[in-house]
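Following: one structure in structure tokens, then a few remarks.
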Amino acid sequence: MSELTQNEYREQRLTNMRALEDMGYKPFGHAFKRSGRLAEIRADFEEEKVVTAAGRLTTVRDMGKSIFADIRDGSDRFQIYVQKKSLDEEAFDAFKLLDVGDHIGVEGALFTTRTGESTIKISKWDLLSKSLLPLPEKWHGLKDVEARYRQRYLDLISNPDVRALFDKRIAAIRETRAFLEARGFSEVETPMLQGQAGGAAARPFVTHYTALDQEMYMRIAPELYLKRLLVGGFDKVFELNRSFRNEGLSRTHNPEFTMLEIYEAYTDLSGMKDIIEGLITHLATEVFGGLVVGEGDDAIDFNLPWREVTYRDLILERMGEDWYDLSFEDACARAEKEGLSLDPEWGMMMVTHEVYEKLIEKTLHQPTFVTRFPAELVPLAGACDDDASVVDVFELVIGGKEVAPAYKELNNPLVQRERLDNQAGEDTEKVDTDFLTALEHGMPPAGGMGIGIDRLIMTLAGVDAIRDVILFPQLRQK
RNA sequence: GGGCCGUUAGCUCAGUAGGUAGAGCAAUACACUUUUAAUGUAUGGGUCGACGGUUCGAUCCCGUCACGGCCUACCA
């Protein structure tokens, strides 16, 4: 894909480029002072006003002595009119040597055509940059999925919907930062390159740091560093940035993905709930056009309140009121009857969790807070006050996908040490002992939450492939 | 990692029950001074993903590989 295609198109464009060079144009020229971006020129339209504008030539309608063409910049498309008698003869002839895709700067008077379109009637133009390769077809755009991801620049040029979706992603991230900053949270940056990859249970990417001659890991979550900051006195912090997990690629998984983690001291789950409800309804309203996303049975309704249900109740609802009274064998039999294939290593808790993940989670289409998970599943969360076997957490599930898990954070260093030791097993080097030391200095009680930003944007935008919300998704190297 | 499917002109797509391929857009040339996917006439453009095999002959059948898509697995 990176090889320069030698073909008639490129040859022709090189020929045109050299002809323009011979006439004194610089094919990879120079800056050009424009009156404003095209959207601004449109907004400030006045008949007869002389403006300068720059953009990429996208279509040309040549009628001999009269040419209409469109230029496009990052803000808008604008029609230009090139009339033989309105500019130097040489400049008119040179214009005919341009190819679709070239960047040009123009100067001319604004007017309205008889069909009512705002247009610049040009008196001068200059070549700003030559395009040597043709753009994808103007009518059907670029459809080839692989090309769209590998050559996203072409996708962005030829598919306006794609550009619009990324503009929404950009706006959503900007609004997220503004929302949190308005509530007194500080955005921080913690290490992506870590000595131990903690805070989640994924396989990390491993790299080698030459100067220290040490193995390092790309972070799988920022959690343990953000908690250190809680210890250090930052009592309202968030981080909105990339994490990396060395797992498979799928419709909903990219190895590097954007995660928002939020921690607030002296609060609990209700504080996290307020934030996520406020944030998501804000984004839906301000960026994605309303509190109901999608149509028909697929529509997601973000109007509050959202359903709240315990993990246990969901299990009972799906598997029968007697589920937790069954013998292990009977439970397995019932799960297998529902089509699950069970790992013989599993105990009751894992079988139950398989039921949740395979049979229940995907059915939770409307926003749902699932609460009170088994403690063993969530080693970094604190227990519920009334029942130590479950942790005080919620997982916000939307469209069948886990979008935001929130915890009452575990701040008991003794319990935390035990849980991490148990999880690491033999491999004691995997335990982040400095994190445990930090906890021993006293971490305030806190609520914390992680939000998969890519998935949240997918949900709000109604798209089902994570690759459609990541500008350059991971693909195998060719 | 496993299963199924795909890869044809710059782009979007047809097609060949095995005899080396077509359309639209794009390109080139000519005409045309208010077009909007401009129009009209003419012309050029292909290692049919790569490599092997079968065959007189392979883009088509078979195998291997590459890349992609969907499903699946790993991802508290």
Side-chain angles (χ1 to χ4, degrees), chain A residues 1 4-13 15-16 58-70 77-86 92 96 99-101 111-119 121 131-151 154-155 157-159 197-204 220-221 223 243-255 257 341 343 349-350 353-354 356-358 373-381 391 393 395 402 405 407 419-420 422-423 450 452 464-465 467 473 475-478:
Chain A
M1 207 52 82
L4 288 178
T5 319
Q6 297 290 338
N7 59 39
E8 58 169 322
Y9 297 93
R10 188 161 182 272
E11 289 306 318
Q12 181 57 46
R13 281 162 179 257
T15 302
N16 291 341
T58 53
T59 62
V60 179
R61 298 176 287 282
D62 182 350
M63 281 158 298
K65 296 187 177 64
S66 195
I67 305 168
F68 285 90
D70 293 338
R77 177 201 72 86
F78 214 96
Q79 179 165 268
I80 61 175
Y81 177 41
V82 190
Q83 190 184 34
K84 189 175 171 79
K85 70 175 190 200
S86 301
F92 183 81
K96 296 215 172 198
D99 292 300
V100 166
F111 77 106
T112 306
T113 64
R114 69 180 180 197
T115 52
E117 177 155 359
S118 302
T119 302
K121 183 176 188 176
S131 164
L132 294 179
L133 292 173
L135 294 171
E137 201 236 337
K138 63 186 172 189
W139 190 240
H140 296 93
L142 182 65
K143 292 234 171 76
D144 180 85
V145 184
E146 183 177 355
R148 285 188 46 226
Y149 296 146
R150 286 193 196 276
Q151 295 183 282
L154 295 179
D155 192 28
I157 293 167
S158 45
N159 298 320
R203 184 193 307 151
I220 55 178
E223 175 154 355
S243 287
F244 307 83
R245 295 187 182 177
N246 197 346
E247 311 285 357
L249 289 159
S250 81
R251 260 177 121 59
T252 51
H253 294 80
N254 196 64
F257 61 101
S341 51
D343 188 321
M349 189 196 68
M350 283 308 295
H353 197 56
E354 184 74 0
Y356 175 75
E357 292 209 314
K358 293 285 152 58
F373 278 66
E376 295 91 327
L377 292 174
V378 196
L380 295 167
V391 283
V393 303
E395 287 198 347
E402 183 191 324
Y407 306 166
R419 290 208 191 152
L420 291 183
N422 284 343
Q423 189 181 43
D464 52 20
R467 288 172 171 180
L475 297 178
R476 191 182 288 272
Q477 298 295 304
K478 274 201 162 173

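When reading the values below, keep in mind they use all heavy atoms of this one structure, side chains included, and skip hydrogens, waters and symmetry mates. The chains referred to below are lettered A, B, ... by the order of the sequence lines, with proteins before strands, and numbering in each begins at 1. Worth saying up front: this structure is predicted, and the values here are computed from it rather than measured.
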(message) Measuring to OP1 and OP2 of B:rU34, would you say a side-chain N or O of A:Arg114 lies under 4.0 angstrom away?
(response) no

(request) Please state how far atom NE2 in A:His140 lies from atom C1' in B:rC11, giving the value in whole angstrom units. (result) 10 Å

(request) Pick the C1' atom in B:rG15 and in B:rG24, then give their distance to the nearest Å. (result) 15 Å

(message) Is there, by distance only and without an angle test, a donor paired with an acceptor across the side chain of A:Gln79 and the base of B:rU35 below 3.5 Å?
(response) yes

(message) Between A:Gln477 and A:Lys143, which residue's closest nucleotide on RNA chain B lies nearer the 5′ terminus?
(response) A:Lys143

(request) Do nucleotides 25-31 of chain B as a string where each nucleotide becomes B, S or -: B if the base has a protein heavy atom under 4.0 Å, S if just the sugar-phosphate does, - if no protein is that close. (result) BBSS---

(request) Figure out the CD1/C1' separation between A:Ile67 and B:rA38, and round it to whole Å. (result) 13 Å

(request) Check the distance between B:rA38's C1' and A:Glu117's CD and give it to me in whole angstrom. (result) 13 Å

(request) Measure the CG-CD distance between A:Asp343 and A:Glu354 for me, rounded to the nearest 0.5 Å. (result) 9.0 Å

(message) Quick check against the 3.5 Å criterion: does A:Glu137 have a side-chain atom that pairs as donor or acceptor with the backbone of A:His140?
(response) yes

(request) Sticking with atom P, work out how far B:rU43 lies from B:rA23, rounded to a whole angstrom. (result) 11 Å

(message) What is the distance, to the nearest angstrom, from the CZ atom on A:Phe111 to the P atom on B:rU33?
(response) 16 Å

(message) I need the NZ-C1' distance between A:Lys96 and B:rU33, as an integer number of Å.
(response) 10 Å

(message) Does the structure show a Watson-Crick or G-U wobble partner for B:rA66, both distances under 3.5 Å? Name it, or say none.
(response) B:rU7

(message) Classify the ring geometry of A:Tyr81 against A:Phe111: parallel below 30°, tilted from 30° to 60°, perpendicular beyond 60°.
(response) tilted

(message) In this structure, how many angstroms lie between the P atom of B:rG10 and the CD1 atom of A:Ile157, rounded?
(response) 18 Å

(message) Suppose you measure atom P in B:rC11 against the same atom in B:rG46; what distance do you get, rounded to whole Å?
(response) 14 Å

(request) Any strand is fair game: report the nucleotide pairing with B:rG22 by Watson-Crick or G-U wobble, both distances under 3.5 Å, or none. (result) B:rC13

(message) For A:Gly64, is there any backbone N or O sitting under 3.5 Å from a side-chain donor or acceptor partner on A:Lys96?
(response) yes

(message) Taking pairing as Watson-Crick or G-U wobble with both contacts under 3.5 Å, can you name the mate of B:rC32, or confirm there isn't one?
(response) none

(request) Summarise protein proximity over nucleotides 71-76 of chain B in one line of letters, 5' to 3': B for base, S for sugar-phosphate only, - for none, counting protein heavy atoms closer than 4.0 Å. (result) S-BBBB

(message) Categorize A:Tyr81 for me: base, sugar-phosphate, or nothing, with a 4.0 angstrom heavy-atom threshold over every strand shown.
(response) base

(request) Verify the contact: side-chain N or O of A:Arg476 to OP1 or OP2 of B:rC67, cut-off strictly under 4.0 Å; return yes or no. (result) yes

(message) Check the phosphate of B:rG68 against A:Arg150, side-chain N and O only, distance under 4.0 Å to OP1 or OP2. Yes or no?
(response) yes

(message) Which is it for B:rU20, anti or syn, if anything within 90° of zero counts as syn?
(response) syn

(message) Without decimals, in angstroms, what is the distance between A:Met63 CE and B:rU39 C1'?
(response) 10 Å

(request) Would you mind reading off the distance between A:Phe78 atom CZ and B:rU35 atom P, rounded to a whole angstrom? (result) 18 Å

